[in-house]
Amino acid sequence: GARLESSLRLQTDAVTEVQYKLLTTTIALALLPAASWAQVDTSEWKCELCPFENGYEAEYEAGALYVSDSAARFGNATGLDEEGGKLALDGSGRYASDGFQAQWNAADLGLDAREFDVEAGRQGTYGIYFGYRELPYRQFDTTETIFSADGNDFLLLPPGWVASGTTAGFTELASSLTPRDIGSDRTNIGVGGHYLLSGNFKFFADYRREDKEGIQITSGSSFTQSSMLPRMIDYQTDTIDLGLRYANGPLALSLAWYGSFFENNAGSLTWENPFYDDPATAGFEPQRMALEPDNDFQQLTLSGSYRFQALDTLLGFTAATGSGKQNASLLPYTVNPNLVAGALPVANLDGKVDTSNYSVTLTSRPFRKARVNLSYRFDERDNRTPQSTWTRVIVDTFVSADPEMNTPYSFERSRLSATGEYRLFDELRVSAGYERSELDRDFQEVAEQTEDNGWGRFRWRPADWLDISVKGGAARRE
C-alpha cells in the first residue's frame, strides 16, 4: 500500500554554537598583524569552548505514517500491515562523564516492529546492556478456515457440519468458512554485561528470552485424506551465556557455559475430522498430533589460542561437552475411543543426547611467501535415550500388528585437513591440500565410512580484471 510520512526532528547539543564561536575567533586571529604572533604567550591558554565528549546529547524524531490498504506482505517485519494511521517514534542519545559512557537507541516505537537498546559502562572496568525488540511475521491475511479454536490445542468443526469422504461432499463448506490471519509476533529481550576482574580476567554474562505467539498452517492426515489446520503457536526460549576470559600477551583462554531452555505452551493439537462422523457418538472422529516438546540443552566450552613469534604461528583449540534432555509427558497412543492400543511402555521418553566437540587449528607463515594451515576436528553425538517397544497406531485410524522400537541414533565423526599456499611470483600462486574424514554410525546400513580428498591449484592474476584458476583433485570413499 501507499505510505505517507511526515516527521518533526529535534536535536539537543551545543556543537553548532561552539563551531560558530571558534570560527569567529579564528577569523579575528587571522586579521592580526604577523609580527604580533611572536609576542603572544599561549602556554597558559585553556579552551573553554571545545566540544569535549562529556555531557549529554540526544536526537528525537516523531513521524506520522498512513497505510492506504491492508496487506500482510507489505507489513511483514515492518508492522505496516493494517490500513490507517501510524505513529513512528525514533531517537538516540549519549552521555559521557569522567570515563563513564552510556548510549541508547530507539526505532519505530509506534509500530509493531519496534526496538530499543541501551548500553553503559566504564572502559577498562565494566559494561552492561539491555535490548528489546518486537518482530511481526505476516504471511497471509486472506485465508479462511472451517475450524474454530477451543483454547490452544483443540480445533472444533462448526455446528451443522456435514462430513463426507471427499471435499466435493462438503455441502456446508462455503457457509462455514471464517477469516483467519496467518502470522506471528516475536518478542526478544536481552540483558547482559561484562566486568574486568583484574588486568587479565574478564567475566561476561548474557541472558536472552524469545516469546513467539500466533497462528501458522499445518496439516493433519486421516490416512487417505488430509486437512489444513490453523495451528496455535505459543512458546518461549531462554538462552544463557556465562563465562570467564583470560588474556596475557600471546595467550588467550575462555571458559564458558551455555544453556538453552525451550517451553511450548501448546504441546499437542487435537482436531475433529471433517471427513468422518461417528454414528455411535453422534459426533466427529477426533485426531491428535504431538508438537514440539519442552527440552533443554547445556554445554561447557574451553577454548584458547597462543601466538608464537617464531614462524608467525597461531595455535588455537576448542573443547566442548554438552547434554540435551527431553522428558515431557507422552501423549496416549490415540484419542480415538474405538481403538484399543493398550498402555504406553513408559510415561516419559527420558530422552538424553550427549555431545562432544574438539578441534585444533594451526596457522603458520614459515617464510614470507608461504602459508600453512593444519586442523583436526572430532564430533560425537551419543544418544542415550532408552529403547522401548511401542504399538503403532496409524493416523488415529487403525492399530498396526507390528510393534516397533525407537532407534537412538548416534555417530562419531572426525576430520583432518592440511593446506598450503606458496606465492611463486606476484601474479602466480600455487596451493595444495589434503583432507581425511571418518564417520561411524549406529543403527545404519553403512556403519563406517572413510573419505580421502586431495587437490592442487594454480592461480594466475596478470591484471586486476583477469583472474585464472586451474584446480584438480581426486577423492576416494570406502
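Each residue takes its place number in the sequence, starting with 1. Predicted model, so just to flag it, every value in this text is computed and none were measured.
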Next item on the list: Please indicate whether R133 has more than 12 foreign heavy atoms, meaning atoms of other residues, nucleotides or ligands, lying under 6.0 Å from its CZ.
Entry: no
Notebook entry, point to check: Heavy-atom count around R384 CZ within 6.0 Å, excluding the residue itself: above 12?
Noted result: no
Checklist line | Centroid separation F203 to F201 less than 6.0 Å | finding: no
Margin query: So that I know where these two stand, are Y95 and W104 an aromatic pair - ring centroids less than 6.0 Å apart?
Written below: no
Notebook entry, point to check: Do T385 and N383 meet the criterion of a side-chain donor-acceptor pair at a distance under 3.5 Å?
Noted result: yes
Note to self: Ignoring hydrogens and geometry beyond distance, is a side-chain donor-acceptor pair present between S375 and T361 at under 3.5 Å?
What the structure shows: no
May I ask you to say whether [X] pairs ionically with [Y], meaning some side-chain N is under 4.0 Å from a carboxylate O?
X	Y	result
E427	R461	no
R423	D426	yes
E421	R429	yes
D185	K212	no
K325	D296	no

Check: Passes side chain to side chain donor-acceptor pair (under 3.5 Å), T187 versus D211? Steps please.
Finding: CA-CA 5 Å; T187 302; D211 292 271; 5.9 Å; no
Note to self: Between S305 and L314, is there a side-chain heavy-atom distance shorter than 4.5 Å?
What the structure shows: yes
Check: Can you find a heavy atom in the side chain of D81 that is under 4.5 Å from one in the side chain of F74?
Finding: no
Check: Within 45 degrees of the axis of the six-membered ring of F204 and under 6.0 Å from its centre: does R245 put its NZ or CZ there?
Finding: yes
Check: Is a donor on one side and an acceptor on the other found under 3.5 Å between the side chain of R381 and the backbone of Y409?
Finding: yes
